[in-house]
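Comments concern the structure below.
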Amino acid sequence: LFLQSTPATSIPTMQVQGQQINLQPPSYTAASQHAEQMKKPGQNFMCLWQSCKKWFQTPSQVFYHAATEHGGKDVYPGQCLWEGCEPFQRQRFSFITHLQDKHCSRDALLAGLKQDEHGQAGNQKPSNK
């Protein structure tokens with residue numbers, strides 16, 4: 001164990017079994033901007049809402065996430081911002097149904113991922129030029 005001699009304005013930390021734990025939530029870490037690289041085993045479904053790119057294990061997890069994080073009453077922008085979707089004005093309840101039917105079915109999520117891979121093929125395989 002070691003003692004910190006930094007001023008009180010530093011990031012709050014605590015010792016747990018000899019490991020230092022950072023108590024400040026990550027606000028602008030690279031991980032939040034490149035969430036697609038944080039895919040864990042078993043997470044095969046991605047939220048394709050305007051630059052969200054979070055991975056989930058099931059289509060229903062994607063739907064719940066999108067409905068609450070992007071379609072919640074305080075955050076819903078009045079239209080669907082899912083990649084490739086027409087940005088029609090929709091009431092929130094209409095949007096939730098649309099989200100479930102058009103974007104969060106297993107087939108729609110897998111198809112969206114395939115389109116996303118083609119759009120970003122340069123990230124995954126070196127091109128043969």
Side-chain angles (χ1 to χ4, degrees):
L1 297 180
F2 58 92
L3 297 173
Q4 280 189 304
S5 59
T6 51
T9 54
S10 71
I11 295 171
T13 57
M14 62 188 255
Q15 297 284 337
V16 177
Q17 295 177 343
Q19 293 184 354
Q20 192 170 18
I21 307 297
N22 185 342
L23 298 179
Q24 192 169 29
S27 51
Y28 57 92
T29 60
S32 63
Q33 292 170 355
H34 299 290
E36 67 262 40
Q37 292 165 9
M38 302 295 289
K39 180 180 177 188
K40 296 186 180 80
Q43 293 184 325
N44 298 315
F45 302 97
M46 183 195 284
C47 175
L48 293 175
W49 186 268
Q50 192 182 48
S51 74
C52 178
K53 304 279 197 246
K54 287 189 176 143
W55 286 99
F56 298 90
Q57 292 184 336
T58 65
S60 61
Q61 287 175 339
V62 179
F63 171 69
Y64 179 80
H65 156 81
T68 56
E69 296 295 311
H70 307 307
K73 68 178 189 292
D74 298 328
V75 294
Y76 176 56
Q79 59 193 34
C80 181
L81 298 179
W82 200 267
E83 274 184 23
C85 190
E86 297 288 330
F88 297 128
Q89 290 295 314
R90 284 187 177 86
Q91 295 296 321
R92 206 174 129 250
F93 290 113
S94 170
F95 162 71
I96 299 295
T97 306
H98 161 83
L99 187 65
Q100 190 166 27
D101 292 346
K102 297 285 185 261
H103 300 308
C104 293
S105 71
R106 182 181 183 87
D107 291 343
L109 286 166
L110 292 173
L113 273 186
K114 287 199 172 52
Q115 287 175 338
D116 201 50
E117 276 175 21
H118 291 307
Q120 301 176 354
N123 294 353
Q124 293 169 7
K125 300 176 198 122
S127 60
N128 299 332
K129 286 186 182 170

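Just the heavy atoms: all of them, side chains too, but no hydrogens, waters or symmetry mates, feed the values below.
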Qualifying residue, where the test is ring pair (Phe, Tyr, Trp, His ring centres under 6.0 Å) with H65 and the options are F56, F45, W55: F56
4.5 Å side-chain heavy-atom contact, L48 and K53: yes
Worked check of side-chain contact (heavy atoms from CB on, under 4.5 Å) between C47 and H70: CA-CA 10 Å; C47 175; H70 307 307; 3.5 Å; yes
N/O donor-acceptor pair under 3.5 Å between R106 side chain and P59 backbone: no
L81-Y64 co-clustered via ILVMFWY side chain contacts under 4.5 Å: no
L113 reachable from W49 in the ILVMFWY side-chain graph, under 4.5 Å edges: yes
Any V62 side-chain heavy atom under 4.5 Å of K54 side chain: no
Plane angle bin for H103 and W82 - parallel if under 30°, tilted between 30 and 60°, otherwise perpendicular: parallel
side-chain contact (heavy atoms from CB on, under 4.5 Å) assessment of H98 paired with C85: CA-CA 11 Å; H98 161 83; C85 190; 3.4 Å; yes
Residues Q89 and Q79: side-chain donor-acceptor under 3.5 angstrom: yes
Where E69 and V75 come nearest, the two heavy atoms and their spacing: O-CG2, 3.2 Å
Distance (rounded to the nearest 0.5 Å) between Q61 CD and C104 SG: 11.5 Å
Evaluation steps, side-chain contact (heavy atoms from CB on, under 4.5 Å), between S105 and F63: CA-CA 8 Å; S105 71; F63 171 69; over 6 Å; no
Point-to-point distance, once rounded to the nearest 0.5 Å, from CD1 of I96 to CZ of R90: 11.5 Å
Shared hydrophobic cluster for L110 and M46 (ILVMFWY, side-chain gaps under 4.5 Å): yes
